[in-house]
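Shown next, in structure tokens, is the structure this report addresses.
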Amino acid sequence: MDRNRHMSVNSPDDEIRTLLSSSNSENLQHKEEGPSASSQTRSKPIPKKSAEKEASQQRTRQPVNYASINNPNSGSHEDERASAVISRYKYYNRLAPHGSSNFLMPDHVVPQVFINYVFKPIPGEQSSIVTIFSLWNTMMGTSLLSMPWAIRQAGFATGIPLLVFMAGINLYTSYRILKTSQEYSVDGQLVEFSDVCKHYLGKWAQYLAVGSSLLTLLGGSIVYWILMSNFLYNVVLFIWHKAEHDSSNVGSMNNTNTDIVCNVHHPDTNHTSYPSGSHTHEDSFDKIWNVSYTVPFFLILILGPLVNFKSPTFFTKFNALATLSVTYLIIFVIINAAKWGINVEFTGDEQQMFYVPDFKGSFPALTGIAALAYFVQNSCVSIVRNQKYPENNIRDLIIAYILVAFTYIFVGVMFYISFPMEKDCIEDNLLNNMSDTYVLAFVARISLFFQMMCVFPLLLYIFRVQLLYTIYNTVWPGLRHVLVLNVCIIAVCVVFAVFLPHIGKIIGFFGAFCGFAYAIMLPCLVHLTIQHRNGEQSMLSTVLHSCLIVLGLANFVGQFLVLNVK
């Protein structure tokens, strides 16, 4: 994170040049007059060639000309001096990327007005509460919508222990990543785990880490596109029903029969709310507004222009919507669970409506989702880097994982045991079990839609930065490259939204692979390599970490065995 940020809305180059030229005109004039004034007191004037040689040497010692890069035709002394100041600032900022470093930029290097008015310092320290909340907020994502479906796939008695077990594995590997990053730190600053992998395992490990991180972002983008298409579809249906047909019935919060839907027996109505005796749509309307075949393309008109921004600063201001949306979703589940009551039968005939099996062979669906739900290994180092008390990093990580596991289990179990229909009706998006005329579900959908609409450009921006910097060594090689990349990503998202709009399977596959490669295999291999180099490797450690790697691989392979689950 940069130590400072701009406060002006004008162009940074113009602002800096204006401030420098206005504040230092007298200073520069004094420096220019200094040699002539001092030469009058000397008995022997400085030869012209010597003066030119000395000036040339001073110019060669200056950093690269920043102004000439942005304006090659510019040759004024003010631009040269401004560019030199900017280059020195960048140089010191690379030496001291954080405010706690000893290599802070001296005040005499930059004019006072440059320090006080152009840039505003950002505190580089954060409390444990902020760290815990940031970790919780990072892990708490779209997997929350799939938790009841995941428990249904594993069985009630199996699902809860598996969620705890997967949280424990990811906690341990995240701990290993923090420990190795601390041991390989430079001047007390944590190093990214991909660099640690390159140092201990080679370039292949670094490429695997970066590739796994990119796959995580791509999987998240696909899931977001499917969910945004779903939410936009149902929001428009709510408005259409209210305006045209069902204004007297829309908004019912007490009629359970019209609030809940079951599409498991109607596979052709995917993601569409069709409870018994509910609302039907005109054929012409369905042809224009279809969740699988038209809405994903309409979504391009909304999000297409937003993903091509050069800077994501505007969208980062709406990060608080994620917390509000998750909070509302938890409240939404609590309200409906209280209204429905407990509807489970652990004994008796399997044909009973509320019968709940303890174990199901499709449990890899849950472990795949959990692998992505607890995936924070690629960002935990960045989150704790500015911790005020670094010795509390491990403690805060443990607390964050406990809170995340509790949230996932609470939402999944509460919705699962209270759902007042067959448990096989529960879908991989719990909001699909809610009618499009249910007010509380409408609020959840529209809030999640706007939150995801702000996060989606950030996902593509991070994906673009990581990929293009790896290939071209710059985050903006040109508008053409950015447009081509964005078009390809959106095309992939649309294809999945049309032909495979099942977020449970997508989260499972991407989560299982990235969880195996980045979250389990690389941390274990790095740890074993460090132990081997230090002569501390034991047979027990080798066996335990090898078992973790095998479990991660088995989780990925298991996703192919549950392809046909509903």
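Source: prediction; values computed, not measured.
- Note that the CG atom of L145 and the CG atom of L430 stand 5.0 Å from one another [nearest 0.5 Å].
- Dense packing is recorded around CG of L301, with more than 12 heavy atoms of other residues, nucleotides or ligands lying under 6.0 Å away.
- Within the model, atoms CZ of F298 and OG of S229 stand 11.5 Å from one another, a figure rounded to the nearest 0.5 Å.
- Contact annotation: the side chain of T138 approaches that of V376 to within less than 4.5 Å [non-hydrogen atoms, C-beta and beyond].
- Closest of all the heavy-atom pairs between S221 and L459 is OG-CB, 3.8 Å.
- If you look at Y461 and F309, their ring centroids are not closer than 6.0 Å.
- A donor-acceptor pair under 3.5 Å is formed between the side chain of N393 and the backbone N or O of P390.
- Using cut-offs of 30° and 60° for the angle between ring planes, the F560 and F509 rings count as perpendicular.
- Taking every heavy atom of both residues into account, V191 and V196 meet most closely at O-CG2, 4.3 Å.
- Not one N or O on the side chain of N137 forms a donor-acceptor pair closer than 3.5 Å with the backbone of F133.
- In this structure, N170 contributes its side chain and M166 its backbone to a donor-acceptor pair below 3.5 Å.
- None of L553, L208, T173 except one satisfies the side chain to side chain contact (heavy atoms under 4.5 Å, CB included) rule with M521; the exception is L208.
- No donor-acceptor pair closer than 3.5 Å links the side chain of D428 to the backbone N or O of S146.
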Inset, instruction - Could you walk me through whether I288 and T294 pass side-chain contact (heavy atoms from CB on, under 4.5 Å), step by step? - result: CA-CA 7 Å; I288 298 175; T294 61; over 6 Å; no
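- Going from atom CD of Q377 over to atom OG of S212 covers 11.0 Å, rounded to the nearest 0.5 Å.
- Of all non-hydrogen atoms in A441 and M434, the two that sit nearest each other are CB-CB, 3.7 Å.
- Open room surrounds CZ on F450; 12 or fewer heavy atoms of other groups in view lie less than 6.0 Å from it.
- Proximity of W476 to R464: side-chain heavy atoms (C-beta onward) are separated by under 4.5 Å at one or more points.
- Note that SG of C493 and CG of L299 are 9.5 Å apart. Values are rounded to the nearest 0.5 Å.
- Distance alone, capped at 3.5 Å, places no donor-acceptor pair between the Q559 side chain and the I506 backbone.
- Taking the side chain as every heavy atom from C-beta outward, I369 and M147 approach each other to under 4.5 Å.
- Listed for the K505 side chain is a donor-acceptor partner under 3.5 Å among the backbone atoms of L563.
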Inset, instruction - Kindly determine whether F556 and F516 satisfy ring pair (Phe, Tyr, Trp, His ring centres under 6.0 Å), including the steps that lead there. - result: CA-CA 7 Å; F556 175 65; F516 161 63; 7.1 Å; no
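- Here the two rings, on Y293 and F297, have centers that are 6.0 Å apart or farther.
- No side-chain heavy atom of F496 sits under 4.5 Å from any side-chain heavy atom of V223.
- Looking at heavy atoms from C-beta onward, S213 lies out of side-chain contact with V210 at the 4.5 angstrom threshold.
- Between Y224 and F456, the ring centre distance reaches or exceeds 6.0 Å.
- Ring pair W136/Y401: centre-to-centre distance not below 6.0 Å.
- The two residues V498 and S292 have their closest heavy-atom pair at CG2-O, 3.2 Å.
- Looking only at distances, a side-chain donor or acceptor of W289 sits under 3.5 Å from a matching main-chain atom of Y233.
- Side-chain atoms of Y184 and T180, non-hydrogen and from C-beta on, never get closer than 4.5 Å to each other.
- A pairwise comparison of heavy atoms in L135 and A400 identifies CB-CB, 3.6 Å as the closest pair.
- Distance CG/L403 to CE/M140: 8.5 Å, rounded to 0.5 Å.
- In this structure, the separation between CG on L217 and CD on Q466 is 5.5 Å, given to the nearest 0.5 Å.
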Inset, instruction - Assess whether side-chain contact (heavy atoms from CB on, under 4.5 Å) is satisfied between L201 and L522, documenting all intermediate values. - result: CA-CA 9 Å; L201 302 176; L522 289 178; 4.1 Å; yes
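- Side-chain contact check for V384 versus L397: every heavy-atom pair is 4.5 Å or farther apart.
- Between F442 and F238, the distance from one ring center to the other falls under 6.0 angstrom.
- Between L431 and L448 the shortest side-chain heavy-atom distance falls below 4.5 Å.
- A salt bridge is defined here as a Lys NZ or Arg NE, NH1 or NH2 lying under 4.0 Å from an Asp or Glu carboxylate O, and E192 with K198 fails to meet this definition.
- Under the 3.5 Å distance criterion, the side-chain polar atoms of N486 are matched with a main-chain donor or acceptor of V307.
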Inset, instruction - Before giving the answer on ring pair (Phe, Tyr, Trp, His ring centres under 6.0 Å), spell out for Y518 and F513 the whole-Å C-alpha distance, their side-chain angles and the decisive distance to 0.1 Å. - result: CA-CA 8 Å; Y518 196 108; F513 177 79; over 10 Å; no
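- Under the 30°/60° scheme for interplanar angles, the aromatic rings of Y374 and Y408 are found to stand perpendicular.
- Using modelled atom types, no side-chain atom of S194 and backbone atom of A209 make a donor-acceptor pair closer than 3.5 Å.
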Legend entry - Full working for side-chain contact (heavy atoms from CB on, under 4.5 Å) between T216 and F375: CA-CA 9 Å; T216 303; F375 188 82; 3.7 Å; yes
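- Under the 30°/60° scheme for interplanar angles, the aromatic rings of Y472 and H481 are found to stand perpendicular.
- Between the side chain of R176 and the main chain of V526, no donor-acceptor pair closer than 3.5 Å is present.
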Inset, instruction - Let me see the working for L214 and T470 under side-chain contact (heavy atoms from CB on, under 4.5 Å), right down to the final yes or no. - result: CA-CA 11 Å; L214 291 176; T470 302; over 6 Å; no
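- In this model, no donor atom of one side chain and acceptor atom of the other lie less than 3.5 Å apart for T131 and D396.
- Taking both residues in full, the closest heavy atoms of P457 and C454 are given as CD-O, 3.5 Å, listed atom of the first, atom of the second, then distance.
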